[in-house]
Amino acid sequence: YRNNPQNAPGLELFDIQGVNKLLTINTNASDARVPVVYKANASYSHFINEKFKVTITGFATLGRNNYVYVDRNMAVNPFFRLENEGGRGVYVPAASITNAAPDWQQGRISQKIGRVLEMNSKGRVNQFAAVLDATYQYFKDGTITFSYTLNDTKDNTSYNGNVANTATLALPVKDDPRDLSKMSYSDNHFRHKIVFYGTLPTFYGVSVGIRYSGIGGTRYSLLSGGNTNGDFVSGTNDLAFIFDRNNAAVPANIQTGLKAIMDNPNTSQSLKDYINKYSGQIAERNGGINGFYGIFDLRISKKFKVYKTHSIEISGDLFNVANLLNKKWGVNESMGNQALYSVNSFNNTTNQFVYNVNNSGIANPSGNPYQGQIGIRYGF
């Protein structure tokens, strides 16, 4: 086929009217490489005494040549820019936008085919973490273990495999989804993680343990709510421009909508901070910071000796026990990507999108409510 591409199968599809213009071609970049991950860690342990041990460990992970797909049949340069949205580029002609829905087909380099998804090796990730562990054994067999992780993860795409289309759906961008030059916080980032586990000394064969696990500082993005850049993807990869609600030049309905979000006591403080930080500019990818969330689990067990080394252990577990005491405890109020606006129309005179402000910022509680289980185990 290299010697004579005309012999390659599939060329007949180009002759089928109505099909040829939507054909998607998957290809590889000429410089595509195998992904490489560099890892390093250093650890130091110190015994305070024979029952108290502390360890600190540093981790570094650098991923290079991570594969990602980009559309090479998309116009190289934008047809025009949204001057009221920080100069955001739009990759279809303004005259072709009707009903606020840009038609990606109008921005193709070649009208003979659809998308040309090229796999390249531009993906990068930098992850650093420090972990502090401590273990303490006190009276008889009572133990306490504690672990704290401080983490930082940045990348230029969080795509990690699936069909080629997935790579173009999930990366929120200002305008050009092929521009992977900027590193920002990863979809997989978190800042703090705490795990605590303690057991009381066994009393008449009864063992009681409690575990706490929590995580904080996960990230989310604010989206424009439409296909603002005119590419193939609608609603999931366009970062929102945070209009200045105190600027008289901003449409009144947007000023009112943003002020309503900021004045609403039920709006997440995380989202308010996000809006304030990027007011007057396009929101940073994963610029929203979630608070801390954690749960307590309780376990009680009793072991009965049966014969020699044989025994029966009866146990009871209560997961997210705090939620049993108060319905507002042990509830995850972290936020995912939010569509700050919905697109109402496109003004072909001013070349501007007309937005409505969504009622964003009120976290939907998630996570599992309290649950219980009873177990029995026979040992020999």
Side-chain angles (χ1 to χ4, degrees), residues 39-61 127-153 188-218 289-305 309-334 365-380:
K39 290 188 176 183
N41 68 81
S43 181
Y44 173 76
S45 297
H46 183 72
F47 287 86
I48 307 300
N49 56 46
E50 61 181 7
K51 294 185 177 182
F52 188 16
K53 176 186 176 182
V54 177
T55 301
I56 185 168
T57 307
F59 296 91
T61 303
Q127 186 266 336
F128 304 96
V131 181
L132 175 66
D133 293 301
T135 301
Y136 177 58
Q137 181 180 349
Y138 63 104
F139 184 70
K140 293 185 177 179
D141 59 346
T143 60
I144 295 175
T145 62
F146 173 83
S147 175
Y148 168 72
T149 302
L150 178 66
N151 177 70
D152 186 271
T153 307
N188 306 307
H189 170 81
F190 66 90
R191 177 62 73 196
H192 310 284
K193 181 183 288 185
I194 292 176
V195 177
F196 167 86
Y197 183 72
T199 58
L200 295 175
T202 303
F203 183 72
Y204 288 105
V206 177
S207 177
V208 179
I210 190 167
R211 182 179 188 270
Y212 174 81
S213 56
I215 189 170
T218 57
I289 307 174
N290 285 311
F292 203 86
Y293 158 73
I295 60 173
F296 287 93
D297 299 325
L298 179 67
R299 177 179 176 82
I300 302 175
S301 64
K302 164 71 175 176
K303 182 177 287 188
F304 300 90
K305 274 193 171 184
T309 60
H310 294 236
S311 65
I312 294 177
E313 182 182 64
I314 298 176
S315 63
D317 295 275
L318 190 58
F319 305 104
N320 199 3
V321 63
N323 186 250
L324 175 63
L325 305 176
N326 188 318
K327 298 300 182 184
K328 294 184 178 180
W329 294 348
V331 174
N332 188 357
E333 295 185 348
S334 297
S366 62
N368 294 320
Y370 69 89
Q371 300 177 57
Q373 70 178 23
I374 296 175
I376 183 169
R377 181 172 66 178
Y378 183 83
F380 56 91

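- Interatomic distance, Asn332 CG to Thr218 OG1, rounded to the nearest 0.5 Å: 7.5 Å.
- Considering all non-hydrogen atoms of both residues, Phe292 and Gly214 come closest at CZ-C, 3.5 Å.
- Using a 4.5 Å heavy-atom threshold, the side chains of Asp317 and Gln371 count as separate.
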Open item on the list: Between Ile314 and Phe304, is the side-chain contact (heavy atoms from CB on, under 4.5 Å) condition met? List the steps.
Closed with: CA-CA 8 Å; Ile314 298 176; Phe304 300 90; 4.0 Å; yes
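- Residues Tyr212 and Gly294 come closest through the heavy atom pair OH-CA, 3.5 Å.
- By the 6.0 Å contact criterion, CD1 on Ile48 is enclosed, its count of non-hydrogen atoms from other residues, nucleotides or ligands being greater than 12.
- Here the side chains of Lys39 and Asn41 are not in contact, with every heavy-atom distance at 4.5 Å or above.
- Counting all heavy atoms, side chain and backbone alike, Tyr370 lies closest to Asn323 at N-OD1, 3.1 Å.
- By the 6.0 Å contact criterion, NZ on Lys53 is open, its count of non-hydrogen atoms from other residues, nucleotides or ligands being 12 or less.
- Other residues, nucleotides and ligands contribute only 12 or fewer heavy atoms inside 6.0 Å of the CZ atom of Phe139.
- For Thr55 against Ser45, the heavy-atom pair with the smallest separation is OG1-OG, 2.8 Å.
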TODO: Go through Tyr378 and His310 one step at a time and tell me if the side-chain contact (heavy atoms from CB on, under 4.5 Å) criterion holds.
DONE: CA-CA 7 Å; Tyr378 183 83; His310 294 236; 2.6 Å; yes
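- Note on ring orientation: taking the six-membered ring where Trp is involved, the planes of Tyr136 and Tyr138 are parallel (angle under 30°, cut-offs 30° and 60°).
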Donor-acceptor pairs are to be reported for all side-chain atoms of residues 140-151 against protein atoms at under 3.5 Å, with residues two or more places apart or in another chain.
unit_1: Asp141; atom_1: OD1; unit_2: Thr202; atom_2: N; d: 3.0
unit_1: Asp141; atom_1: OD2; unit_2: Thr202; atom_2: OG1; d: 2.6
unit_1: Thr143; atom_1: OG1; unit_2: Thr199; atom_2: OG1; d: 2.9
unit_1: Thr145; atom_1: OG1; unit_2: Tyr197; atom_2: O; d: 3.3
unit_1: Ser147; atom_1: OG; unit_2: Asp133; atom_2: OD1; d: 2.9
unit_1: Tyr148; atom_1: OH; unit_2: His192; atom_2: ND1; d: 2.7
unit_1: Asn151; atom_1: OD1; unit_2: Gln127; atom_2: NE2; d: 2.7
unit_1: Asn151; atom_1: ND2; unit_2: Thr153; atom_2: OG1; d: 3.1
unit_1: Asn151; atom_1: ND2; unit_2: Phe190; atom_2: O; d: 2.9

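- Contact record, Gly217 with Ile289: CA-CG2, 4.1 Å, taken as the closest heavy-atom pair.
- A distance of 12.0 Å separates CD1 of Ile295 from CD1 of Ile215, quoted to the nearest 0.5 Å.
- In this structure, Gln373 places its CD atom where more than 12 heavy-atom neighbours from other residues, nucleotides or ligands lie under 6.0 Å away.
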- [ ] I would like to know whether Phe296 and Leu318 meet side-chain contact (heavy atoms from CB on, under 4.5 Å); could you show each step before the answer?
- [x] CA-CA 9 Å; Phe296 287 93; Leu318 190 58; over 6 Å; no
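- Donor-acceptor pairing under 3.5 Å is lacking for the side chains of Ser315 and Ser301.
- Checking side-chain atoms of Asp297 against main-chain N and O of Asn320 turns up a donor-acceptor pair under 3.5 Å.
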